[in-house]
Structures are given as C-alpha cells and as structure tokens.
Protein chains: 2
Amino acid sequence: MTENKDDGEDRLGDILGFHIRLAHGAVYRHFTETFSDIDLTQKQVSVLWLVSEHPGLAQVELGRRLQMDRATTMTIVNRLEARGLLRRQASQSDRRKQAVFLTSGGVAALDEAKSCIVAHEAWLKRRFTPDEVKILVEMLARIHD
Amino acid sequence: MTENKDDGEDRLGDILGFHIRLAHGAVYRHFTETFSDIDLTQKQVSVLWLVSEHPGLAQVELGRRLQMDRATTMTIVNRLEARGLLRRQASQSDRRKQAVFLTSGGVAALDEAKSCIVAHEAWLKRRFTPDEVKILVEMLARIHD
DNA sequence: ACGGATTGTATGCTTCACTAACGAATAGGC
DNA sequence: GCCTATTCGTTAGTGAAGCATACAATCCGT
C-alpha cells in the first residue's frame, strides 16, 4: 500500500487551488491577447461593465463587488478616468462618496469590449456543454461568495 | 420577451471568465493569509513543490509546467535562490540549461508549506463533496491543458 | 456635540506578467 | 564539418495589481 492515498494531496496536481490558479492564468492570458487591440484589462472591463449596470455606484461598492480593496479600486478608476472612459461625481446623498458614471467614450469602449468578450467566452466555453457551464459557474460562485 | 435571452451573456454575472477571476482572487487572498507566517507565495510554493517532484528540472521546463514565461520564472527562481531554498546547477546533458534542485532549507520550507496547504485546501474544499471536487478539477484542467 | 465608523485619497512596497534584447549552447540541413 | 536557426538563461524596462498605512472629510448613533 502507498501512504497518503486517502486524501490525495501528495502531488501538486491533486491541489484544487493549483488548478484554479492555472485555469485563471490561461484565461487571463487569452483575455489580454483578445483585448490587446482595445487595450483594456479584465479589471478595467469589469469596472466599466459594473458601472454600466449600476450608474452612480460608489467606489467602495465597486470594490466590494469586484473584491478589491479601496486602494486598488482607486488606481483602476484613476486609469479609466484619465482615459476619459468614466467620471467621478460627488454623491449628493453622502458627500464622502464619489458616484462613478460612464462617459460616452466609456459606453463606446464597453460596447467594443463586450463584442470581444463574446469571442473570449466562446473560446473558453467551447470545452463545455451548456449544462457543464452552469455547473462550473455555480461551483465557482461557491468559492467567491 | 427580453432580448439576449438566448446566450445569457448580457450581464457581468453570466460571464464564466468573471467567475473564474473572482474565485481565483478569493483563493489567492486566503492563500496569502494562510502563508503570511512562512512568507511564501503561491508561485513560490508551486516552484518548490514541482522541483521536489522533479529534481534537476530545467528552468524553461519549470516555467512551461507552471505556465510562466522565462523572465517570470527567472525572478521567482532568483528569489528562492537568494533565500537559500533552491540552487542552480549547470546541466551536463545540455549546457544551455540550468538544472534546479531544492536545498535542505528548501525541503524544510516545502514541508512546512505543505502543512499549510492542507489547511488551505480544507478551507477551499469544504464547499464541495469529494465527487464535486473531482468534477471541478477535471473541468479546470480542461481550461489550462 | 462628541466619538467612532466609513469613504476617498495619497504614498510606498511587493509580486508578477510581458517585451525586447543579448550571448552562449545546441540542433538540424547540407 | 559548417552554417543557420532555435533554444535557454539572463538582464532591463514597463505596466497592472494587491496590500498596508496614514490622513482628511463626512456620516451616524448616542
């Protein structure tokens, strides 16, 4: 009998976290390749998309939904603001908060990005049946929720 | 009827890549928290582990298996070598290559890291049944293979 | 009105991925 | 064997991103 046969954590390939990291790396790499033309990162597209779904969202809420701390959120919003894709506006209900909105350029950039996302997602999902995609998404959501 | 009901890619939460990124972020965060004491990153542990499984591995092969380019592999090997956890040695079969080995300190660090991995993996896997873990690993492998 | 909590901001440090270039060594075609 | 192309390690530079800390303004509960 071999030792450590019960838990199956004696080899690197048995580590779930390792596979998540590799899968993320592969997706990240294909993403940046797909988006090299329009020069947007995963984070930046996520921010644009989320602001599009929730105009006037506060930065802290943006960070919470994308699981970034305030400092990280700042740098991303700064970059997108410098590129003219979104704008800050002091919230009227709570003057501590900065409400974030897409500019017209931001809307256009997001539209362009979404068409790239379609291609990117097709590349990713071609490995799975629609049912498998549902299962995978549900499992991943268990991890990050 | 709503538009875009067919493909289900009209909302950010429908994007598979988005969930992979969030899940990776959550795992990464818990990992660094678990490993704050012994001060090793995911990448560094992966390298130590892989070298342990394949002593004398060339750097380029190390990078290939962990999906890093040569430059990135360099910086990580440099750090680990500077900390005395592994050592380089010119390969005899191919003098272009640098064979990488664990030092005794590297073996000890990996042992310590593996016990942390057990706790980390337990945190991660507590969301799933053993069968679900197998399914998830298999699906993630489809992405990064 | 006071004190604690929240939010944005600024600064600095670290990890990591990528590119481009270079030299050394190897492999393949002839 | 020789010339060329490729591979490997290395270095340097760029950029995104995460985290910690500190500070000021604002809000809220009491």
Side-chain angles (χ1 to χ4, degrees), chain A residues 21-22 24-36 38-48 56-83 85-100 144, chain B residues 21-22 24-36 38-47 56-83 86-100 144:
Chain A
R21 197 163 58 69
L22 282 190
H24 170 259
V27 172
Y28 178 83
R29 213 166 301 118
H30 185 271
F31 187 100
T32 55
E33 187 181 339
T34 306
F35 280 72
S36 60
I38 59 181
D39 198 35
L40 286 173
T41 67
Q42 281 184 327
K43 287 279 175 197
Q44 290 167 357
V45 172
S46 297
V47 167
L48 292 180
L57 206 61
Q59 279 185 198
V60 65
E61 185 65 13
L62 204 55
R64 197 187 63 78
R65 299 207 191 202
L66 299 180
Q67 301 188 20
M68 310 179 295
D69 66 1
R70 284 175 299 158
T72 303
T73 306
M74 270 291 299
T75 65
I76 295 174
V77 172
N78 281 346
R79 255 191 295 275
L80 292 174
E81 190 184 32
R83 289 177 56 176
L85 302 184
L86 51 80
R87 63 185 172 83
R88 291 176 164 101
Q89 178 179 313
S91 169
Q92 297 177 335
S93 60
D94 186 338
R95 290 210 305 264
R96 291 172 304 182
K97 296 185 180 177
Q98 291 276 32
V100 179
H144 70 249
Chain B
R21 198 164 58 69
L22 282 190
H24 171 259
V27 171
Y28 178 82
R29 215 166 300 118
H30 184 270
F31 187 101
T32 54
E33 187 180 340
T34 305
F35 281 73
S36 60
I38 59 181
D39 197 37
L40 285 172
T41 67
Q42 280 185 328
K43 288 278 176 198
Q44 290 166 356
V45 172
S46 297
V47 167
L57 206 62
Q59 277 184 201
V60 65
E61 185 65 13
L62 204 54
R64 198 187 61 79
R65 300 206 190 203
L66 299 179
Q67 300 188 21
M68 309 179 295
D69 66 1
R70 285 174 299 158
T72 303
T73 306
M74 271 293 298
T75 65
I76 295 174
V77 172
N78 281 347
R79 255 193 295 275
L80 293 175
E81 190 184 32
R83 288 176 58 175
L86 51 78
R87 63 186 172 81
R88 292 177 164 101
Q89 178 180 312
S91 169
Q92 296 177 337
S93 61
D94 186 338
R95 291 208 305 263
R96 291 173 301 184
K97 297 184 179 177
Q98 290 277 32
V100 178
H144 70 248

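In what follows, chains are A, B, ... by sequence order, proteins preceding strands, each numbered from 1.
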What's the [atom1]-[atom2] distance between [X] and [N], to the nearest Å?
X: B:Arg21; N: D:dA17; atom1: CZ; atom2: C1'; answer: 11 Å
X: B:Glu81; N: D:dT11; atom1: CD; atom2: P; answer: 10 Å
X: B:Leu40; N: C:dC16; atom1: CG; atom2: C1'; answer: 16 Å
X: A:Gln44; N: D:dG15; atom1: CD; atom2: P; answer: 13 Å
X: A:Met68; N: C:dT7; atom1: CE; atom2: C1'; answer: 15 Å
X: B:Lys97; N: C:dA25; atom1: NZ; atom2: C1'; answer: 11 Å
X: B:Arg88; N: C:dA24; atom1: CZ; atom2: P; answer: 18 Å
X: B:Leu66; N: C:dC18; atom1: CG; atom2: P; answer: 13 Å

State the [atom1]-[atom2] distance between [X] and [Y], to the nearest 0.5 angstrom.
X: A:Tyr28; Y: A:Arg21; atom1: OH; atom2: CZ; result: 14.5 Å
X: B:Thr32; Y: B:Asp39; atom1: OG1; atom2: CG; result: 11.0 Å
X: B:Arg64; Y: B:Leu57; atom1: CZ; atom2: CG; result: 9.0 Å
X: B:Gln59; Y: B:Met74; atom1: CD; atom2: CE; result: 6.0 Å

Please find the pair of heavy atoms, one from [X] and one from [Y], that lie closest to each other, and give the distance.
X: B:Thr73; Y: B:Gly63; value: OG1-CA, 3.4 Å
X: B:His144; Y: A:Ala26; value: CA-CB, 4.1 Å
X: A:Val45; Y: A:Phe35; value: CG2-CE2, 3.8 Å
X: B:Gly56; Y: B:Ala99; value: O-CB, 3.4 Å

With a cut-off of less than 4.0 Å, is there a side-chain N or O of [X] near OP1 or OP2 of [N]?
X: B:Lys43; N: C:dA17; result: yes
X: A:Gln59; N: C:dT9; result: yes
X: A:Thr32; N: C:dA17; result: no
X: A:Gln98; N: C:dT9; result: yes
X: B:Arg29; N: D:dC19; result: yes
X: B:Gln67; N: C:dA17; result: no
X: B:Arg95; N: D:dG9; result: no

- Message: With nearest nucleotide decided by heavy atoms, which residue, B:Arg96 or A:Ala58, maps closer to the 5′ end of DNA chain C?
- Response: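 Going by which nucleotide is closer to the 5' end, it is A:Ala58.
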- Task: Find the bend of the helix from C:dA1-D:dT30 to C:dC30-D:dG1 as the angle between its two terminal axes (five pairs each), to the nearest 10°.
- Result: 40°
- Near DNA chain C, which residues from residues 69-80 of chain B have a heavy atom under 4.0 Å away? B:Asp69, B:Ala71, B:Thr72, B:Arg79
- Task: Can you sort out the partners of B:Ile76 under side chain to side chain contact (heavy atoms under 4.5 Å, CB included), two or more places apart, ordered by chain and number?
- Result: B:Lys43, B:Gln44, B:Val47, B:Met68, B:Thr72, B:Arg79, B:Leu80
- Message: When you measure from the side chain of B:Arg29 to the backbone of A:Gln67, do you find a donor-acceptor pair of N or O atoms at a distance under 3.5 Å?
- Response: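 Answer holds: yes.
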